[in-house]
Amino acid sequence: MAEEQSIEEILDTIGDKHARRVLAAISREPQSAKELAEECDLSLPTVYRRIELLEEYDLVTDRTLVAEDGNHYKVYESNFESTVISLEDEEYKVRIYREENLPDRFSQLWDELNPE
């Protein structure tokens with residue numbers, strides 16, 4: 001996530017009830033936009049707008065699949081495990097824990113603990 005993104009923008013995104021419904025649905029299993037629209041009882045344009053917003057903060061990833069009839073479609077899945085909001089030095093910080101593999105996470109933690 002880019003450092004220039006403000007806490008307000010992230011909280012606005014996570015705070016949007018439609019975005020939360022989409023995130024909850026794809027955290028259970030990857031789904032297409034059409035499946036999300038049906039499960040979340042939202043219009044397809046609303047689903048696409050929320051997915052686009054969530055992708056801005058790298059909270060959602062997509063994969064292209066091929067249907068039995070040969071058509072291609074995307075399924076969306078959550079790209080984070082949890083979000084922590086903390087108050088440090090009188091400033092709010094948002095930390096998004098991604099679903100990365102363990103060696104990458106350990107390497108990142110090591111780099112954070114041992115600044116050069």
Side-chain angles (χ1 to χ4, degrees):
M1 186 174 73
E3 291 299 319
E4 66 271 5
Q5 294 168 333
S6 74
I7 186 172
E8 290 85 8
E9 293 171 319
I10 297 166
L11 293 177
D12 284 348
T13 300
I14 296 171
D16 179 89
K17 71 178 181 178
H18 298 317
R20 284 196 315 270
R21 288 166 67 187
V22 168
L23 278 173
I26 61 176
S27 70
R28 290 186 291 275
E29 65 179 320
Q31 295 187 46
S32 69
K34 184 178 177 183
E35 291 168 328
L36 286 167
E38 291 171 8
E39 180 175 332
C40 299
D41 195 26
L42 299 170
S43 71
L44 207 49
T46 298
V47 168
Y48 279 118
R49 281 194 301 272
R50 291 326 185 272
I51 287 171
E52 185 177 302
L53 187 63
L54 293 166
E55 285 177 328
E56 280 183 42
Y57 299 99
D58 199 26
L59 299 174
V60 170
T61 59
D62 63 64
R63 289 183 288 136
T64 301
L65 300 179
V66 180
E68 289 180 15
D69 62 5
N71 287 324
H72 294 78
Y73 67 100
K74 287 185 179 182
V75 292
Y76 301 92
E77 53 195 336
S78 175
N79 190 35
F80 73 102
E81 293 174 357
S82 62
T83 302
V84 176
I85 302 169
S86 60
L87 180 63
E88 299 173 16
D89 301 323
E90 298 183 21
E91 184 177 315
Y92 284 100
K93 301 206 185 255
V94 174
R95 172 80 186 184
I96 297 174
Y97 292 92
R98 306 248 178 246
E99 293 187 4
E100 302 160 340
N101 66 34
L102 195 54
D104 288 345
R105 188 174 293 166
F106 180 76
S107 177
Q108 180 183 7
L109 178 62
W110 183 257
D111 291 344
E112 288 173 5
L113 292 173
N114 295 302
E116 293 183 31

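Side chains included, hydrogens not; waters and symmetry mates left out as well; all remaining heavy atoms used.
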| request: Check whether any side-chain N or O of D62 sits under 3.5 Å from a backbone N or O of Y76 as a donor-acceptor pair, and report yes or no. | output: no
| Going from CD on E9 to CD on E56, what distance comes out if it is rounded to the nearest 0.5 angstrom? | 8.0 Å
| Shared hydrophobic cluster for L65 and Y48 (ILVMFWY, side-chain gaps under 4.5 Å) | no
| Do V75 and L54 sit in the same hydrophobic cluster, where Ile, Leu, Val, Met, Phe, Trp and Tyr count as joined when their side-chain heavy atoms come under 4.5 Å apart? | no
| query | Nearest heavy-atom pair of S78 and S27: which atoms, and what distance? | reply | CB-CA, 4.1 Å
| Separation of E77 CD from T61 OG1 (nearest 0.5 Å) | 4.0 Å
| request: Indicate yes or no: does R28 engage E39 in a salt bridge with an N to O separation below 4.0 Å. | output: yes
| request: Give a yes or no on whether the backbone of E91 and the side-chain of D89 come within a donor-acceptor separation of less than 3.5 Å. | output: no
| said: Please give me the minimum heavy-atom distance between P30 and E35, naming the atom from each residue. | reply: O-OE1, 4.4 Å
| message | Show me the pairs that pass salt bridge (Lys or Arg N to Asp or Glu O under 4.0 Å) and involve residues 17-26, at least two apart or across chains. | response | none
| What are the two closest non-hydrogen atoms of A33 and V47, and how far apart are they? | O-CG1, 3.9 Å
| request: Mind checking the CD-CG spacing from E38 to L44? Nearest 0.5 Å is all I need. | output: 9.5 Å
| task | Kindly compute the distance separating CD1 (I51) from CG (L59), expressed to the nearest 0.5 Å. | result | 12.5 Å
| Is V60 reachable from L11 through a run of I, L, V, M, F, W or Y residues, each pair having side-chain heavy atoms under 4.5 Å apart? | yes
| query | CG of L23 to CG of N79: how many Å apart, nearest 0.5 Å? | reply | 10.5 Å
| task | Hey, could you give me the CZ/OG1 distance between R50 and T13, rounded to the nearest 0.5 Å? | result | 10.0 Å
| Are more than 12 heavy atoms from other residues, nucleotides or ligands located less than 6.0 Å from atom CD of E88? | yes
